[in-house]
Amino acid sequence: MSKALYSEKRSGHFGLALSHYSHFTSPIRRYPDLQIHRILKSYLHKQADEREKRRYETLLPRVAKDCSTYERRAERLEYDYRDLKIAIYLKNREGEVFQARITTILENGYFVEFLPHIEGFVRGKPPGKIFHTVTVRLSFVDIRGRKIDCEAA
């Protein structure tokens with residue numbers, strides 16, 4: 001599924017075939033949701049005069065752009081932090097052998113999931129197809145680079 005891209009422009013919803021559409025969740029969850037709540041509240045309470053509408057027209061392009069940028073940055077940081085903690089956890093387990101499942105095949109190797117939600121990379125040709133079970137050895141953990149390498153065992 002594609003990531004949300006916040007915008008002040010009306011783009012509708014393709015899947016629902018709606019020309020007027022706005023999606024929001026709890027106002028506590030994200031700033032864009034809070035913005036939508038504020039706008040709807042001002043319209044419902046008949047407080048959205050021309051001055052208020054111009055203010056939103058000026059404000060919303062920047063808010064939408066910033067929210068899209070910061071949401072992606074926060075997501076990258078979240079994954080980075082997760083990968084760091086996994087690498088720290090696995091560092092002392094180098095050399096251990098695991099049953100793993102091939103999850104992704106690339107030209108130069110393949111990814112395996114060898115613990116719940118933890119993947120490592122194995123260089124070389126996979127012995128099976130995606131979701132094929134294999135035995136791997138945790139060969140190298142790079143904490144700083146947040147990389148986990150395995151080898152066929």
Exercise. Rounded to the nearest 0.5 Å, how far apart are CD1 of Ile86 and CD1 of Ile143?
Worked result: 12.5 Å
Exercise. Pro127 pairs by side chain to side chain contact (heavy atoms under 4.5 Å, CB included) with which of Val122, Val134, Thr135?
Worked result: Val134
Exercise. Should Tyr110 and Ile130 count as side-chain neighbours, where that means a heavy-atom distance under 4.5 Å?
Worked result: no
Exercise. Do Phe98 and Leu138 come within less than 4.5 Å of each other through their side chains, counting heavy atoms only?
Worked result: yes
Problem set entry | Verdict with supporting geometry, Glu57 and Arg54, salt bridge (charged side-chain N to carboxylate O under 4.0 Å, His left out) | CA-CA 5 Å; Glu57 286 174 5; Arg54 281 194 306 279; over 6 Å; no
For this session: Taking the side chain as every heavy atom from C-beta outward, state whether Leu77 and Arg82 have any pair of such atoms under 4.5 Å apart.
Result: no
Exercise. Under 3.5 Å, is there a donor-acceptor pair between the Ser139 and Glu94 side chains?
Worked result: no
For this session: Can you establish whether the number of heavy atoms outside Lys91 located under 6.0 Å from its atom NZ is more than 12?
Result: yes
For this session: Kindly compute the distance separating CG (Asp80) from CD (Glu78), expressed to the nearest 0.5 Å.
Result: 11.0 Å
Seminar exercise, completed: So NZ of Lys125 and CG of Asn108: to nearest 0.5 Å the spacing works out to 13.5 Å
Exercise. Mind checking whether Arg123 and Asp149 have side chains closer than 4.5 Å, heavy atoms only?
Worked result: yes
For this session: To the nearest 0.5 angstrom, please state how far the OG1 atom of Thr133 sits from the CZ atom of Arg101.
Result: 8.0 Å
Seminar exercise, completed: Note: Gly120 and Phe114 closest approach over all heavy atoms is N-CE2, 3.7 Å
Problem set entry | Note, Tyr43 side chain near Leu40 side chain (heavy atom, < 4.5 Å) | no
For this session: Tell me whether Val141 is reachable from Tyr89 by hopping between hydrophobic residues (I, L, V, M, F, W, Y) whose side-chain heavy atoms are closer than 4.5 Å.
Result: yes
Exercise. Just wondering, do Leu106 and Thr104 contact through their side chains at under 4.5 Å, heavy atoms?
Worked result: yes
Exercise. Does the distance from a Lys or Arg side-chain N to an Asp or Glu carboxylate O, for Asp49 and Lys53, drop under 4.0 Å?
Worked result: no
Seminar exercise, completed: For Ala100 and Val112 the tightest heavy-atom approach is CB-CB, 3.7 Å
Problem set entry | Residues Glu75, Arg72: salt bridge by 4.0 Å N-O rule | no
Exercise. Distance from Arg93 atom CZ to Leu115 atom CG, nearest 0.5 Å?
Worked result: 5.5 Å
For this session: Please lay out, stage by stage, how Arg73 and Tyr70 fare under the test side chain to side chain contact (heavy atoms under 4.5 Å, CB included).
Result: CA-CA 5 Å; Arg73 183 181 299 163; Tyr70 294 138; 3.4 Å; yes
Problem set entry | Derivation and outcome, side chain to side chain contact (heavy atoms under 4.5 Å, CB included), residues Gln99 and Val136 | CA-CA 6 Å; Gln99 287 298 308; Val136 297; over 6 Å; no
Exercise. Could you go step by step and tell me if Arg62 and Asp66 meet the salt bridge (charged side-chain N to carboxylate O under 4.0 Å, His left out) rule?
Worked result: CA-CA 6 Å; Arg62 172 77 187 239; Asp66 286 351; 2.9 Å; yes
For this session: Measure the spacing between CD1 of Ile148 and CD1 of Ile118 and express it to the nearest 0.5 Å.
Result: 6.5 Å
Exercise. Among pairs that include at least one residue of residues 126-144, which meet salt bridge (Lys or Arg N to Asp or Glu O under 4.0 Å), considering only residues two or more places apart or in two chains?
Worked result: Arg137-Glu151
Problem set entry | Check: Tyr56 and Ser42 side chains under 4.5 Å, non-hydrogen atoms | yes
For this session: Consider only side-chain N and O atoms of Glu119 and Thr103, and report whether a donor and an acceptor are under 3.5 Å apart.
Result: yes
Problem set entry | Val97: hydrophobic cluster co-members (side-chain, 4.5 Å) | none
Problem set entry | Note, Phe111 side chain near Pro126 side chain (heavy atom, < 4.5 Å) | no
